Structures are given as structure tokens and as C-alpha cells.
Amino acid sequence: MRALRSKFWRACEEKGNAGGKSDGTGGNEGETSDQFHHEIVQLTKLRSGPHELFSRETPKVGGRPRASSVSTFKMLAGREANCSGRGRFSAADGCHVLSRYLPVSTPVEVDNTRSRAYVSQFSADGSLFVAAFQGSHIRIYNVDKGWQVHKNILAKSLRWTITDTCLSPDQRYLVYASLSPVVHIVDVGSSTTESLANVTEIHDGLDFSSYEDTDEFGIFSIKFSTDGKELVAATSDASIYVYDLQANTRTLHIPAHQADVNTVCFADESGHVIYSGSDDHLCKVWDRRCFNDRGQAAAGVLVGHLEGVTFIDSRGDGRYLISNGKDQTTKLWDIRKMTSNATTYPRIRDPDWDYRWMEYPPHAKTMKHPRDLSLTTYSGHSVLRTLIRCYFSPEYSTGRKYIFTGSSDCCVYIYDLVSGAQVGCLDYHEGPVRDVSWHPIYPMLVSSSWDGRIMKWEFPGPDEDSNPPAVKRKKRATRHHFLY
């Protein structure tokens, strides 16, 4: 085993020393990788680029118009002159205009508590916002009514912290999970503002365990299916579970990984395909249509992270996803590049290293997996202390042309999906930013941190500088944070 680890370490160092493109176009070079990367570039351009007639007089690069140089004024003038022949903006034209206005203004405080904030999520239409805290509290804010508290929930049977929450697609129900096999569900639409579990309101328990389970487990991630009929959960017993809400029972148990499964989500609206990420440093793809009596094998494996995977977000098209890893990177994947080989490679770092209270070894930051299947790697943020989350930017306002992530260095990072360039760093918090959410319509982003603050970032208004000065904060003390 020592010889195998040494061989793998040398391969990682050689891969890192080989350099490569700044956008990190995957671990495989050549025509195949270029072809897949070219597709995401073209898809992003189609979703967020202006009509060619708007850019016909703009400066050119390599003989082609440079779309990013098309100003908002020119876009509006072109629309009024009916340059495109449609008399209006297309969805891509609208994305091109809106995506220029990043939410980078000096933040406004939404809430401030004495408890670490673990979750921040906008509803699908942006009318509600959910924040969950370690101190058993979940708050749902009405965004359209000046961020009034729509519902203040005191959680039931909490173990350590609220690890995840999820709103149903119709926004009628909220589920919350902790380090327990029981998920609780709350009626968001009820008239009760103060929702105390089983005191002012019933929080029904959905038990993901069964009488056959010998050990209890915790739930790190919980998601509704698009039709709202199922829940999928990632757990500490290296498994994925699916719960049928209509039948009120667990319907599927997948022994998915060799370590904690930290994150899970549905790939698209069909609900057939599931993505998972684990501390075994693998992302896996599961197609439930292929399950049979012979077993529940993964449809494929995505290899590339050198450490555990903390979060996965699907692009919603059943093809592309991004993942955050404890190797301090975010990776973009195309599942058509997945492999059927589920070999777990030896860890390259000191086996005593623990991301919860230790810094990442400097020499490991330059290493790359010798069989990296990812399309692009983004780095600059920090994935330590807790399960930091990352996402694609909204479809409606940006065409998913950015990815954004929290960070344990107390900032929020925004990267250009195609170039890999860092286009924003939102620096205000005094604790790790575990979760962050971008409004589905407006240039507004909300971050939640272990400093207990929920902060709202928007595009600078008319009285603000487009590049606001850095906010002065107290010197951050070095802290040892010990769990998830």
C-alpha cells in the first residue's frame, strides 16, 4: 500500500508540474476533452450571448465580434432600432445584459444571530428565502415584503446542527435534516408565524431508517424531486436513500460509496438520474432505470478530486454538474466522460490531516489527479472547516455563465464558467461562509456564515461606486472548528 501511495503521489506531482491551461481543461488532453469543453462553451454562449447583429460593429478578436464588449446602451439602442428583427430581446440577449451586473455592492445585513448559519436558499421564484442555524432555528423571510420573517421555526430532535433544508417545488412545505435518520417536514403556508415543533405546529417525522438497520446515521443533504413526490438523502453510512412522500415510506437504499456521502441531487426534471459526492473523493452517477434484482451499480464514476467532495450542483440538463472538494477546488463535469472504473486511489496527503481544523498542505495545492476527468478546475477559494457549497448562477438572469461558492476564508467567490477567471470576491464575513444563494431573477446574492450573519449583496445602486472599497473588519481570530 505504501508503494502504491508513493507511485500515485509521484504521478500527481508530475501532473501538477506539467502545468496546463489556466482554465484547467480537465486531466485528459487531446481531441476528446477539447470537444466536450467546446460544447459547454457554445452552450453558454447560446444562453447568455447577444444576437450577432447587436455586436456587428464592436471590436473584434480573431475576426469575430467580442460579445463582452456590447454595452447595455448599445443593446437597448439596438432593440429600439429592431436590429435583430424581433422587436425585443431574446432570452440570451436579456441574460447578456443582466449578467453584466454582478451583486458586488457593500452588503446589507438581513439578520444577525449568535448561532452559526449553515444554510441559505432562495425559493424557485425568489419570493422566499430560507436560513438555517446551528441553534435549532430556521427562518423563512418574505423577500417581496421587505424581508419580513414569514415563519420562525424551532426545530425538533436536533443533533449537533441543521445540516440541510429544502423547500418543496410548490413552496408549501419545508424539510429539514440533522445528524439523525429522521427528516422533519413543516407546513410553510400555514398562518402560524412561530412554528415550535409539536407545540404550536406539528413537524411530521419522515424516518429514513428501517428495522433492518443496525446503526443509526445522520443526513448531510436532502433534496425534493422536481414533482415534489420524492426526497433523496445523502447519509453518514455511505448511502443514498429515496423516500416516497405519497406512500410515506422509504423506497430505495443504495450503498453508494466507501465513506460519508456529503451531497446528493437529482440530475434533471425526470428524477431518474441522481448525482452523489463522498469523502471517498468520488462523484457518482446513478440511473434508477438500470437497477434490477442483480444490484444497484453506479452508471458511472467521475474521478478527479484528490480529497472528499463536499457539495454537488446540477446544471439541470442531465449532463453537466459542478462539485466542491476538500482539495480546495471546484470542478465542472460532463457525465458523458464518466468511467465505469470505481477504483479508489490512495490519498496523497498525511492520513492524519483533517480539514475541520487543519490547513491544507501547501505542496498538495499544486497536485493534480493523473486521471482527472473534469472539464475545468476552479481554484482560489478555501474548502475547510465545514461542507462548503457551490452553485451555477441562475438560468434566467445569467444563462448559468458563472459559478459561485462560499469559502472558509470568510468570502464568497464568483468564477466565469468558461474562462475560469475569478470575477468577484465578496469579502465581509468574520467566519466561514458555508452557503450562498443567488436570486433567480435579480442581481442579488445572500450569504450565510458561521459568524451568525445573513448578508445581502446587490448590484451597486446609483449612489454607489461600481468598485466599492473594502469593508474594514476586526482582525479575525484563528479558531478551531470541530465538526461539519
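Worth knowing before you read on, the calculation uses all heavy atoms, side chains too, and leaves out hydrogens, waters and symmetry mates. Being a predicted model, the structure only gives us computed values, none of them experimental.
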Under 30°, 30 to 60°, or over 60°: which ring-plane class applies to [X] and [Y], parallel, tilted or perpendicular?
| X | Y | result |
| --- | --- | --- |
| W147 | Y141 | tilted |
| Y241 | H253 | parallel |
| H381 | Y413 | tilted |

Positive for side-chain contact (heavy atoms from CB on, under 4.5 Å) with F122, one of L167, V446, L128: V446
Criterion side-chain contact (heavy atoms from CB on, under 4.5 Å) against V188, the qualifying member of V130, L174, D170, I153: L174
Check against side-chain contact (heavy atoms from CB on, under 4.5 Å), R400 and R47: CA-CA 8 Å; R400 303 197 187 280; R47 298 287 180 88; 5.7 Å; no
Derivation of the side-chain contact (heavy atoms from CB on, under 4.5 Å) call for S447 and V436: CA-CA 4 Å; S447 55; V436 59; 4.2 Å; yes
Whether [X] side chain and [Y] backbone form a donor-acceptor pair below 3.5 Å:
| X | Y | value |
| --- | --- | --- |
| K229 | L245 | no |
| T310 | I388 | yes |
| S408 | S382 | yes |
| S393 | Y402 | yes |
| S239 | T235 | no |
| S178 | L158 | no |
| S168 | R172 | yes |
| R288 | G271 | yes |
| S449 | G431 | yes |
| D451 | E430 | yes |

Report yes if the side chains of [X] and [Y] come closer than 4.5 Å at any heavy-atom pair, otherwise no.
| X | Y | answer |
| --- | --- | --- |
| N262 | V309 | no |
| F311 | R434 | no |
| I312 | C283 | yes |
| T405 | Y378 | no |
| K326 | D279 | yes |
| I274 | F266 | yes |
| T263 | Y275 | no |
| Y176 | V119 | no |

Any donor-acceptor N or O pair under 3.5 Å, side chains [X], [Y]:
| X | Y | value |
| --- | --- | --- |
| T249 | D244 | no |
| S190 | K151 | yes |
| T165 | Q121 | yes |
| H137 | T113 | no |
| H369 | D327 | no |

Distance from [X] atom [atom1] to [Y] atom [atom2], nearest 0.5 Å?
| X | Y | atom1 | atom2 | answer |
| --- | --- | --- | --- | --- |
| D427 | C411 | CG | SG | 3.5 Å |
| K456 | S105 | NZ | OG | 9.0 Å |
| Q328 | Y360 | CD | OH | 6.5 Å |
| L373 | I335 | CG | CD1 | 13.0 Å |
| T398 | E395 | OG1 | CD | 7.5 Å |
| K401 | I414 | NZ | CD1 | 12.0 Å |

Testing the basics here: between [X] and [Y], what is the closest heavy-atom pair and its distance to 0.1 Å?
| X | Y | value |
| --- | --- | --- |
| H281 | H305 | ND1-O, 3.4 Å |
| A238 | V261 | C-CG2, 3.4 Å |
| I219 | P181 | CD1-O, 4.0 Å |
| S180 | R159 | CB-CD, 4.0 Å |
| S195 | V186 | OG-CG1, 3.9 Å |
| D268 | T226 | O-OG1, 3.9 Å |

Ring centre gap for [X] and [Y] strictly below 6.0 Å:
| X | Y | value |
| --- | --- | --- |
| Y118 | W450 | yes |
| Y391 | W438 | no |
| Y442 | F459 | no |

Stepwise side-chain contact (heavy atoms from CB on, under 4.5 Å) test for D372 and K331: CA-CA 10 Å; D372 188 359; K331 289 184 177 290; 2.8 Å; yes
Pair D164 + R389: basic N to acidic O under 4.0 Å: yes
NZ/NE/NH1/NH2 to OD/OE distance under 4.0 Å, D317 and R315: yes
Atom CD of Q422 with >12 non-hydrogen neighbours under 6.0 angstrom: yes
Full working for side-chain contact (heavy atoms from CB on, under 4.5 Å) between Y243 and V183: CA-CA 10 Å; Y243 194 97; V183 169; over 6 Å; no
Chi angles and distances behind the side chain to side chain donor-acceptor pair (under 3.5 Å) call for D260, S236: CA-CA 4 Å; D260 291 353; S236 61; 5.2 Å; no
